[in-house]
Trainee: 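My structure is below; once you've seen it, I'll send some questions.
Chain letters run A, B, ... following the sequence lines, proteins first and then strands; every chain starts at 1.
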Number of protein chains: 2
Amino acid sequence: MAEWPTGRLLSTASRLVEHAWLEALDELGLSHAGLIALHLLGEEPTNQTDLAARARVENQTMSRTLDRLEREGYIARERDARDRRRHIITRTAAGAAAWESARTLEADVFPEIADPQGLRNSLLELIHAGTARRWQP
Amino acid sequence: MAEWPTGRLLSTASRLVEHAWLEALDELGLSHAGLIALHLLGEEPTNQTDLAARARVENQTMSRTLDRLEREGYIARERDARDRRRHIITRTAAGAAAWESARTLEADVFPEIADPQGLRNSLLELIHAGTARRWQP
DNA sequence: AGTATTTGCTCAGCAGGCTTACTATTTGCT
DNA sequence: AGCAAATAGTAAGCCTGCTGAGCAAATACT
C-alpha cells in the first residue's frame, strides 16, 4: 500500500476516518453533511447556493442535505420576499442544540498523528487547487 | 476554512482531488473504484473478499464494483471449483489494456504540493489507525 | 452422520457525491 | 416595454460507500 498513488491514499484515509465520527454523530441524529451545513449556517440565515459554495459541494447536493435537515426539524426553509427564487435557511432551536452537542466531536474523534499541522497545510493546499478549478472559472 | 476540523478538510480535499482524474478516467470507461479493483487484481486472479479487504471496502461494495467491470467486459467471474462459494475474478484483455492506459493517471493528475512525502506519511498513519478499528477486530 | 457455525456472495435500501435537464424568477439590454 | 440571459432551486438518474438480511457452501463439533 506504500506504493499507492497519493490520491488513492487520500480517499481511503478520508473514508476510514469518517467512520469514527459517523458512529458518534448517529446518536445525535446528524450526518456529517448535515453537521457541515449547520456549522456553515451558523446564526446567520442564508440561502442554499451560498451554503453549497462554502461547503464546496454542488447546489443539488446541498439541496438534498437540507431536505433531510428539514425533515428532521433542524432547519427551516422560507422564501425570500425580496428575491422569490431564493430560499432562506434558518436554524431551528433543535438544530442549534444538535450542533452545539456535536461541536467538538470532529476534533475529538480524529486520530492522533505525528504532524497534524503539516497535514492540515497540505490539505488546505489541495483544497485551494481543487477549488480554483471548480469554483472560480 | 482554516478553522475547519482536520477531518472535514480531509474529506473535502479528497472529493476535490478526485474530480481531476474522474474526468480523465471517464474517457477510458473506468471509474476510480474500478481502477482500484483492476490495480489490486493485477495479474493474479483472486476472489472478491480478498479484493474488498485490500481495497478497504465492504464486500458488498466490491461486489457491485465488479458487477460494473464485468458488464463493461473488463473482468470475468468464475466459480472456484475447489470452494464453490467463491468467485474467482480474472482480468480480461480489455481490462488489462484499460488498466495499462490508466496506470500513471492518478499520479499525473495529482496537484503539486510543498511536502508530498509528509502528506503520504500522514495519510498512511490515518489509514493504519482506521484499518485497525475496522478490519482487525 | 447430523447439526451448528462460519464464510463468500448477493439483494435491498439509504446517504451523499456528481451530471444533465427543467421551472420560476430576476436582471439586463435594446 | 419586451425579450434574452443569468440565477436559484428541484428532479431524475448514476456511482460508490454503508448497513442489515438472506442463501448456499464449507467447516467444525458432538
Trainee: Would you classify Q60(B) as touching base, sugar-phosphate or nothing, given that sugar-phosphate means primed atoms plus P, OP1 and OP2, and contacts are heavy atoms under 4.0 Å?
Mentor: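 Base, at least one base atom sits under 4.0 Å.
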
Trainee: Which heavy atom of A76(B) sits nearest to which heavy atom of T92(B), and what is that distance?
Mentor: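 Here A76(B) and T92(B) meet closest at N-CG2, 4.1 Å.
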
Trainee: Rounded to whole angstrom units, what separation is found between the CG atom of N59(A) and the P atom of dA6(D)?
Mentor: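 Result: 17 Å.
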
Trainee: Just by distance, do the side chain of E125(A) and the backbone of A114(B) share a donor-acceptor pair under 3.5 Å?
Mentor: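 Answer holds: yes.
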
Trainee: Mind calculating the distance between CZ (R56(A)) and C1' (dC18(C)) to the nearest angstrom?
Mentor: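 In whole Å, dC18(C) C1' and R56(A) CZ are 17 Å from each other.
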
Trainee: Of all the nucleotides listed (dT16(D), dC9(C), dG16(C)), which has the minimum atom distance to the side chain of R64(A)?
Mentor: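 The listed nucleotide nearest to R64(A)'s side chain is dG16(C).
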
Trainee: Looking at T49(B), I'd like to know whether one of its side-chain N or O atoms comes within less than 4.0 Å of OP1 or OP2 on dC9(C).
Mentor: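 For T49(B), the contact criterion (side-chain N or O under 4.0 Å from OP1 or OP2 of dC9(C)) is met.
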
Trainee: Do any side-chain nitrogens or oxygens of T61(A) fall under 4.0 Å of OP1 or OP2 in dC18(C)?
Mentor: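 For T61(A), the contact criterion (side-chain N or O under 4.0 Å from OP1 or OP2 of dC18(C)) is met.
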
Trainee: L51(B) has an atom CG; how far is it from atom P of dT7(C), in whole Å?
Mentor: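 Rounded to whole Å, this separation is 19 Å.
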
Trainee: If we ignore hydrogens and angles and just use 3.5 Å, is the side chain of R54(B) paired with the main-chain N or O of L40(B) as donor and acceptor?
Mentor: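 Confirmed, R54(B) side chain pairs with L40(B) backbone.
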
Trainee: Figure out the CD/C1' separation between Q48(A) and dT7(D), and round it to whole Å.
Mentor: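 Answer to the nearest Å: 13 Å.
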
Trainee: Check whether any side-chain heavy atom of T90(A) lies under 4.5 Å from a side-chain heavy atom of L41(A), and answer yes or no.
Mentor: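 No, side chains not in contact.
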
Trainee: Give a yes or no answer on whether the side chain of R15(B) reaches the backbone of R56(A) with a donor-acceptor pair at less than 3.5 Å.
Mentor: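 Checked: pair present.
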
Trainee: Quick one, which residues of residues 78-92 of chain A touch DNA chain D with a heavy atom under 4.0 Å?
Mentor: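 DNA chain D contact set from residues 78-92 of chain A: R85(A), R86(A), H87(A).
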
Trainee: For dT30(C), give the paired nucleotide (Watson-Crick: N1-N3 plus N6-O4 or O6-N4; G-U: N1-O2 and O6-N3; both under 3.5 Å), or none.
Mentor: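 Pair assignment: dT30(C) / dA1(D).
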
Trainee: So, does R120(B) use its side chain to make a donor-acceptor pair with the main chain of A2(A) at under 3.5 Å?
Mentor: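 Indeed, once roles are kept as given, a pair shorter than 3.5 Å links the two residues.
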
Trainee: Pairs in or reaching into residues 102-113 of chain A: which pass salt bridge (Lys or Arg N to Asp or Glu O under 4.0 Å), with residues at least two apart or in two chains?
Mentor: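 Matches after skipping sequence neighbours: E100(A)-R103(A), E106(A)-R8(B).
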
Trainee: Mind calculating the distance between CG (L69(A)) and C1' (dG16(C)) to the nearest angstrom?
Mentor: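 In whole Å, dG16(C) C1' and L69(A) CG are 12 Å from each other.
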
Trainee: So does R68(A) get a side-chain nitrogen or oxygen closer than 4.0 Å to the phosphate oxygens (OP1/OP2) of dG16(C)?
Mentor: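 Yes, because at least one side-chain N or O of R68(A) sits under 4.0 Å from OP1 or OP2 of dG16(C).
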
Trainee: Is any side-chain heavy atom of T6(B) less than 4.5 Å from a side-chain heavy atom of V17(A)?
Mentor: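 Side-chain contact under 4.5 Å: no.
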
Trainee: Quick one: does T65(A)'s side chain get under 4.5 Å of V57(A)'s, heavy atoms only?
Mentor: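 A side-chain contact under 4.5 Å is absent here.
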
Trainee: May I ask you to test the R86(A)-R79(A) pair for a side-chain heavy-atom distance under 4.5 Å?
Mentor: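 SC-SC contact between R86(A) and R79(A) ruled out.
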
Trainee: Looking at residues 27-39 of chain A, who's got a heavy atom less than 4.0 Å off DNA chain D?
Mentor: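 Listed by number, there are none.
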
Trainee: How close or far is atom P of dG9(D) from atom CG of L66(A), stated in whole angstroms?
Mentor: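 The answer, rounded to whole Å, is 9 Å.
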
Trainee: Does any nucleotide pair with dG13(C) by Watson-Crick or G-U wobble geometry, both distances under 3.5 Å, and what is it?
Mentor: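 Across all strands, the one nucleotide that pairs with dG13(C) is dC18(D).
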
Trainee: Taking CE from M62(A) and C1' from dT7(D), how many angstroms apart are they, rounded to a whole number?
Mentor: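 Nearest whole value for this atom pair: 17 Å.
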
Trainee: Quick one: L25(A) CG to dA15(C) C1', roughly how many Å, whole number?
Mentor: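 After rounding, the gap between these two atoms is 13 Å.
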
